[in-house]
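Just so it is clear: chains get the letters A, B, ... in the order the sequence lines come, proteins before strands, and each one is counted from 1.
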Amino acid sequence: MDHALFQYLLRLGDTTLILSHRLSELTGHGPALEEDLAMTNVALDLLGQSRRWLTLAGEVEGRSRDEDQLAYLRDAPEFRNYLLVERPNGHYGDIIARQFLFDVWHYFLLKELCSSSDERVAAIAGKSLKEVGYHVRRSSDIIVRLGDGTAESHARMQEAVDDAWRFAGELFADDEIVAAMADRRAAPRHSQLWPAWFEHVRSTLQEATLRAPDADGANHPAYRGGTSGRHTEALGYILAEMQHLQRAYPGAAW
Amino acid sequence: MNVSASPYTIDEVMHWLSQVPDPEIPVLSVVDLGLIRDVAWDGRACVVTITPTYSGCPAMQEISADIKNTLLAHGIEQVRIETRLAPAWTTDWMTPKGHEALRGFGIAPPGEKAIDVSGITRRAAGVVVPCPLCGSSHTRLISHFGSTSCKALYRCSDCREPFDYFKAH
């Protein structure tokens with residue numbers, strides 16, 4: 001089995017899956033009808049992308065696990081999503097901060113993956129990129145509206161960005177899996193995504209009259225571990241809800 | 001591939017496909033939507049290659065089933081649906097007939113070429129989306145997403161009606 005590719009695909013598949021689940025928790029609970037629709041539509045895009053990544057992961061693994069088995073029958077230590085996306089929803093500023101920091105990274109990553117030496121990866125990335133370009137434009141819009149809104153929305157948005165910031169650094173970490181993928185030009189080194197990411201985030205926050213936190217603040221090792229299966233307690237609760245039906249009724253299908 | 005064994009021409013199959021509606025927007029056929037990449041015969045099996053629209057579009061499964069059932073109903077013995085991801089589906093592949101059908105249905109068709117839509121730049125000015133109901137170009141974006149992933153919600157400042165815009169993608 002191609003260990004590095006399998007692990008890398010799990011990271012992509014799990015990260016989109018878990019964020020999709022977090023956003024789908026907002027179905028019927030958005031602060032406004034338009035936001036409710038937007039969040040759940042983004043969740044749907046991410047879920048579709050996750051299915052492609054996990055299906056490919058299953059093929060690469062070669063143990064005939066399909067997308068459903070990977071999504072529903074692994075426990076938390078086997079999940080490889082970044083910690084940022086398992087963060088609880090909190091208030092709407094928190095949700096937007098998490099989404100914005102993630103969307104910008106997701107966009108620049110997919111852009112690089114479009115020229116992956118693995119054409120299966122490039123195909124999924126190319127398809128996802130168009131959806132994610134739209135996600136970034138939307139979350140950038142909303143962050144400007146909330147940051148440059150009332151004194152209250154400004155303060156809460158700033159607090160939310162500062163709070164989510166700690167978890168951004170993990171997205172840019174180069175470990176042995178990323179290095180193995182980069183060596184064969186199947187993926188970029190994630191550290192190389194930082195300058196473009198930081199520039200877009202910084203300029204958007206500036207437009208939103210918000211302060212960009214220090215780059216160093218994103219680099220604390222305590223807020224890493226998702227890609228090697230060390231998660232926060234939040235993931236267990238997500239999986240309990242997401243996997244309940246399949247665990248209680250093994251093999252249940254539509 | 002054994003062409004002599006195929007009982008119908010590609011044109012005939014395409015004609016039948018042009019009668020398979022999109023389940024969400026029934027005035028559009030799967031051909032008008034630009035989903036069909038290829039039709040070919042593999043022995044007695046008709047192989048239809050499609051490019052899925054949005055990654056999470058729940059209609060794709062139904063569309064595949066509808067294509068299969070329609071062709072089987074026309075007497076084709078075996079139908080196989082294959083999926084091609086790259087190049088990614090774009091609204092540039094929609095037919096002019098599809099654009100007209102959308103407008104007639106009250107949905108504004110994509111207003112620009114989709115070539116650069118994957119860009120990150122916020123497009124505050126954006127593209128002008130004429131109202132499909134009264135034709136006015138005084139319209140504004142209400143919501144980035146409408147009832148489905150492929151649509152955004154607009155409102156006409158003249159006739160005051162809200163309407164869906166089929167996003168350039």
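Of the two parts of B:Thr148, only the backbone, made up of N, CA, C and O, holds a non-hydrogen atom closer than 4.5 Å to a non-hydrogen atom of chain A. Interface remark: B:Pro58 contributes side-chain atoms only to the contact with chain A (heavy atom separation under 4.5 Å). Neither the backbone nor the side chain of A:Leu47 comes within less than 4.5 Å of any heavy atom in chain B. Heavy-atom distances place the side chain of A:Arg52, and not its backbone, under 4.5 Å from chain B.
Of the listed residues (A:Gly126, A:Ser20, A:Ala38), the greatest number of heavy-atom pairs within a distance under 4.5 Å of chain B belongs to A:Ala38. In terms of non-hydrogen atom pairs under 4.5 Å with chain B, the most contact-rich of A:Lys127, A:Arg51, A:His135 is A:Lys127.
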* To do: Show your reasoning for whether side chain to side chain contact (heavy atoms under 4.5 Å, CB included) applies to A:Asn89 and A:Glu25.
  => CA-CA 9 Å; A:Asn89 281 340; A:Glu25 288 173 12; 3.2 Å; yes
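With B:Thr139 contributing its side chain and B:Cys156 its backbone, the two residues share no donor-acceptor pair below 3.5 Å. Side-chain atoms of B:Ser18 never come within 3.5 Å of backbone atoms of B:Val31 as a donor-acceptor pair (strictly under, hydrogens ignored). At least one donor-acceptor pair closer than 3.5 Å links the side chain of B:Trp41 to the backbone N or O of B:Tyr8.
Ion pairing between a basic and an acidic side chain is recognised when a charged N comes within 4.0 Å of a carboxylate O; B:Glu24 and B:Lys151 show no such pairing.
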